[in-house]
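Report on one structure; see the data block that follows.
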There are 2 protein chains.
Amino acid sequence: MDGARGAPRRTPGMTDVARLAGVSHQTVSRVLNGHPNVKEQTRLRVRAAMEQLGYRPNRVARTLVTGQSHVVGIVAQNTALYGPTSVRTAVERSVNAAGFAVGVASVPALDRSSIAEAIGRLLDQRVAGVVVIAPVTSANEALDDVPDDLPMVVIGGDPGRLSRLVTIDQRHGARLATRCLLAAGHDTVWHVSGPAGWYDSAERVLGWREALLDAGAEVPPVLAADWSLDAGYEAGQLLARMPSARAVFAASDHLAMGVMKALRQAGRSVPGDVSVVGFDDIPEAGYVCPPLTTVRPDFAAVAEQAVRLLLSQLDGSPPDGPPRLAPVVPALVERDSVAPPR
Amino acid sequence: MDGARGAPRRTPGMTDVARLAGVSHQTVSRVLNGHPNVKEQTRLRVRAAMEQLGYRPNRVARTLVTGQSHVVGIVAQNTALYGPTSVRTAVERSVNAAGFAVGVASVPALDRSSIAEAIGRLLDQRVAGVVVIAPVTSANEALDDVPDDLPMVVIGGDPGRLSRLVTIDQRHGARLATRCLLAAGHDTVWHVSGPAGWYDSAERVLGWREALLDAGAEVPPVLAADWSLDAGYEAGQLLARMPSARAVFAASDHLAMGVMKALRQAGRSVPGDVSVVGFDDIPEAGYVCPPLTTVRPDFAAVAEQAVRLLLSQLDGSPPDGPPRLAPVVPALVERDSVAPPR
DNA sequence: GATGCTAAAGTGATCGCTAACATGCCAGGC
DNA sequence: GCCTGGCATGTTAGCGATCACTTTAGCATC
C-alpha cells in the first residue's frame with residue numbers, strides 16, 4: 001500500500017510561491033499577470049520565489065476561472081494529403097506565432113456529424129476559437145450548427161458563404177492553368193476533375209470552363225476523378241485513346257502524375273503529343289518527367305489571413321464583422337509539361 | 001452599455017442539471033461517470049435533465065480536480081514532409097481511437113530548447129502523456145530534461161535508448177534495399193544519405209554498409225545530402241559523372257527522385273544504366289518514371305505501438321516497465337527502377 | 001424493537017487560479 | 001481634523017467538477 005517510492009510531492013502552486021515570498025497568493029497572481037500596482041521590490045521577491053520553486057502556472061485552473069483557454073482548435077481531416085496538410089501546418093505555425101496553443105480534432109471523414117462532434121469536443125475544452133479546414137459541402141452544413149458566439153474561421157469552405165471564410169482563389173488558378181495551355185496554341189483543354197463534394201473540384205471546373213468560354217473554345221466533357229494518383233491514371237488511359245486530346249488541365253498534381261504515367265505507357269509523349277498542367281505545386285512537381293507546369297497556392301498566406309480573422313473575432317469585434325476577405329490568389333509555375341501542338 | 005443582445009446566459013453546469021432533476025450535484029456526477037449506486041429511475045431523470053438543458057460536462061473543471069486531462073500531447077516539427085506527417089497523422093488517429101484528445105506542440109526546429117519548451121507548454125496544460133516525434137540527436141538530449149513521472153513515448157529517437165521508444169527498423173530497411181540491388185547483379189551500391197543528426201540517416205547508412213560488407217562488396221564513400229529533392233539532384237549530378245556508379249540506394253524517395261532527374265538529364269537511363277532504390281514509399285513513388293523500387297515503413301503500426309506503450313504507462317505500470325519493443329520492420333516494394341547491370 | 005448492513009443519496013472540502021471587494025497607508029485639500 | 005483618493009496588499013468568494021465523508025432509507029436479523 002505504500003506504493004510509489006519517493007514522496008508524491010505535487011508541483012508547487014501559487015500558495016507555495018506566496019508563502020516563500022512572504023506575500024499573499026493574490027500578489028503572486030498580480031506579478032504573474034503583469035498588474036501595474038505591485039512594488040518593484042515585491043515583484044522581484046516573488047519572481048525569485050517562482051524561480052527557486054520551479055513554479056509553472058497551472059493553465060487549467062486559469063482557464064476554469066476565466067473561461068478562456070488560449071487554445072485554438074483545428075478541425076481537419078486525418079489525412080496526409082499534401083494540400084490539407086500544408087494548410088494545417090501553416091495554420092499551426094500562425095496560431096503559435098499569435099501566442100496560442102493548438103488543440104487538434106482530426107476527423108476520419110468530413111461528414112456533418114463527425115465535424116459537429118469534433119467541434120463539440122473542442123468546445124468542451126473551452127477553446128478560444130476554431131479553425132475549420134473542410135473544403136467540402138458536407139462540412140459546410142455542419143457549420144450551421146455551431147453556436148454563433150464561438151469565434152470561428154473556415155478555410156476552403158463554400159465560396160458563397162459571406163463571412164468568417166478564407167479561401168484560395170481556385171477559380172482564378174484554374175483560369176491561369178487553362179489559359180496557359182490555350183496560349184500555347186491548343187484549340188481546347190480537357191479537364192480531369194477532383195471528387196464531387198469538394199469546393200476545390202467545383203471551383204476549378206468553373207475556372208476551366210470560364211477560360212474556355214472566354215476564348216471561344218469548345219468545352220469537352222469533364223473527366224471526374226478523386227484526388228488519388230490512381231484515378232488520374234485511369235483518366236489518363238481514357239485520354240490516351242483520344243488522339244484529339246492534346247492538352248489537359250488536371251485538378252491536382254497527383255492527378256497530373258497519374259495522367260502522365262498513362263500517357264507515357266500508351267506511347268504518347270508529354271509535352272510532345274499532349275500538354276499537361278497540374279494544381280498544387282507539390283514538392284515533387286519539378287522532379288517528375290517532364291517537370292510539371294502547375295499552379296501554386298500560397299498556403300502560408302491563407303493561414304495568416306485565417307488566424308488574423310480569428311483573432312479579430314476574439315478581440316470582440318462584431319462576429320459578423322469584416323464582410324468578406326478577398327481570396328488568396330495563386331500563381332502559375334511554368335515548367336516543361338506544356339508545348340505547342342504539332 | 002447594454003452591449004450584446006440576448007442574455008449572456010452561460011452554459012449550464014452540473015448544479016443546473018441537479019436542480020432540474022431534483023437531485024444533488026453529486027448524483028449528477030455519479031450518473032455522468034457511470035457510478036453503480038444510482039437508482040435507474042434517478043439516472044433517467046438526470047439524463048433527461050441533461051438532454052433538456054443541452055448540458056456538456058466541463059472538461060477543464062474535471063481536469064483541475066483530477067489532474068488528468070485526457071489529452072495526449074504530440075511534439076513534432078512543423079513540417080509537411082511525408083514521413084513525419086504520416087507518423088503524426090497515424091498517431092493522432094491512434095490517440096483518438098484510444099479515447100484521448102490531442103494537443104499539438106509543433107516546433108519550428110528540433111533543437112533541444114525548442115523541444116523542452118514545447119513539452120513545458122504541454123505540461124502546463126496537464127496532458128496525460130506525450131508522444132515525441134523527433135528522430136534527431138538534438139531532440140534526444142532534450143528528452144533527458146523531462147520529468148521521470150511524465151508518461152512519454154519517443155518515436156524515431158536514439159536506437160540506443162532503452163525504453164519508451166518506438167522505431168522503424170531503418171537498418172533492416174536499408175539492408176533490404178541494398179541487397180535487392182546486389183541481388184540484381186551489381187558489384188556494389190552507392191548511397192545518398194540524409195542529413196547528419198537524423199537517426200534515420202545514420203541507421204540507413206549502417207544498414208547499407210552492413211549489407212555491402214556481408215556480401216563482401218566494396219564500400220563506396222557516402223554522398224551526404226539533406227531530405228530535399230534538390231539535394232538528391234545534386235548528388236545525382238555527381239553520380240552521373242561516375243560511369244562506375246551503376247546502383248544507388250537513396251535514403252528517401254525524394255532523394256531518389258532528385259538523383260533520377262540528374263541522371264536523366266545527363267543522358268543516363270534508369271534502370272538501364274543505373275539502378276535506383278528509395279525509402280519511404282511516398283504515394284508518388286509508383287508514378288514517377290520509372291516507377292520507383294523502395295522500402296515501405298508501416299507508419300500506422302508505429303503509431304499503434306507508440307500509443308499502446310503510452311497507455312501502459314498511464315495505467316500505472318512501472319515507468320521503466322517493458323524493456324524494449326522490437327522495431328517495426330519495413331518491407332521492400334519492388335517496382336521498375338532496378339535492373340541487372342549490362 | 002433495537003441493531004446491523006447495504007444501496008442511494010447528500011454535504012462540504014478541494015483543485016489552483018482570478019475577480020471583486022476590503023483594508024491600511026500616506027498624500028493633499030477643504 | 002476629516003474626508004477623498006490613489007497605491008500596495010490582503011481576504012473572500014467563486015469557476016465546475018470530483019472526492020471523502022456523512023446521512024437517510026429499506027430490509028433482514030437477533
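Letters A, B, ... are given to chains in the order of the sequence lines, protein chains preceding strands, and every chain is numbered from 1.
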Using five pairs at either end of the helix from dG1(C)-dC30(D) to dC30(C)-dG1(D), determine the angle between the two local helix axes and round it to 10 degrees.
-> 70°
Round to a whole Å and report the spacing from CE of Met50(A) to P of dG16(C).
-> 15 Å
Does a salt bridge link Arg161(A) with Glu141(A), judged by any charged N lying under 4.0 Å from a carboxylate O?
-> no
Can you check the Leu53(A) CG to dG16(C) P distance for me, whole Å?
-> 14 Å
Could you tell me whether a side-chain N or O of Asn96(B) sits under 3.5 Å from a main-chain N or O of Arg93(B), the two making a donor and an acceptor?
-> no
Distance, rounded to the nearest Å, where His70(B) contributes NE2 and dT18(D) contributes C1' | 14 Å
Please set out all donor-acceptor pairs under 3.5 angstrom arising from side-chain atoms of residues 116-134 of chain B, sequence neighbours excluded.
unit_1, atom_1, unit_2, atom_2, d
Asp124(B), OD1, Arg56(A), NE, 3.2
Asp124(B), OD2, Arg56(A), NH2, 3.0
Arg126(B), NH1, Leu123(B), O, 3.2

Between Gln125(B) (CD) and dC17(C) (P), how many Å, whole number?
-> 15 Å
Check whether any side-chain N or O of Thr42(B) sits under 3.5 Å from a backbone N or O of Val38(B) as a donor-acceptor pair, and report yes or no.
-> no
Would you confirm whether Thr63(A), through its side chain, and Arg59(A), through its main-chain N or O, come within 3.5 Å as a donor-acceptor pair?
-> yes
Taking N or O atoms only and anything under 3.5 Å, show me the protein contacts with nucleotides 10-16 of chain D, one pair per line.
unit_1, atom_1, unit_2, atom_2, d
dG10(D), OP2, Ser24(A), N, 2.8
dG10(D), OP2, Ser24(A), OG, 3.0
dG10(D), OP2, Thr27(A), OG1, 2.9
dG10(D), N7, Arg30(A), NH2, 3.0

Side-chain contact, heavy-atom cut-off 4.5 Å: Gln313(A) with Leu309(A)?
-> yes
Taking only N and O in the side chain of Asn33(A), is any of them less than 4.0 Å away from OP1 or OP2 of dT18(C)?
-> yes
d(NE2, His35(B); P, dG10(C)) in whole Å = 13 Å
Contact nearer the 5' end of DNA chain C, comparing Thr42(B) with Val28(A) | Thr42(B)
How close or far is atom C1' of dT24(D) from atom CG of Asn37(B), stated in whole angstroms?
-> 14 Å
Would you mind reading off the distance between Lys39(B) atom NZ and dA9(C) atom C1', rounded to a whole angstrom?
-> 9 Å
Atom CZ of Arg56(A) and atom P of dC17(C): how far apart are they, to the nearest Å?
-> 12 Å
Looking for any heavy atom pair under 4.0 Å, which part of the strands does Thr63(A) touch: base, sugar-phosphate only, or nothing?
-> nothing
Charged N to carboxylate O under 4.0 angstrom, Arg47(A) versus Glu51(A)?
-> no
Backbone of Thr85(A) reached by a side-chain donor or acceptor of Thr89(A) within 3.5 Å | yes
Is a side-chain N or O of Thr27(A) found less than 3.5 angstrom from the main chain of Val23(A), in a donor-acceptor match?
-> no
Reckon Ser29(A) has a side-chain N or O less than 4.0 Å from the OP1 or OP2 of dC17(C)?
-> no
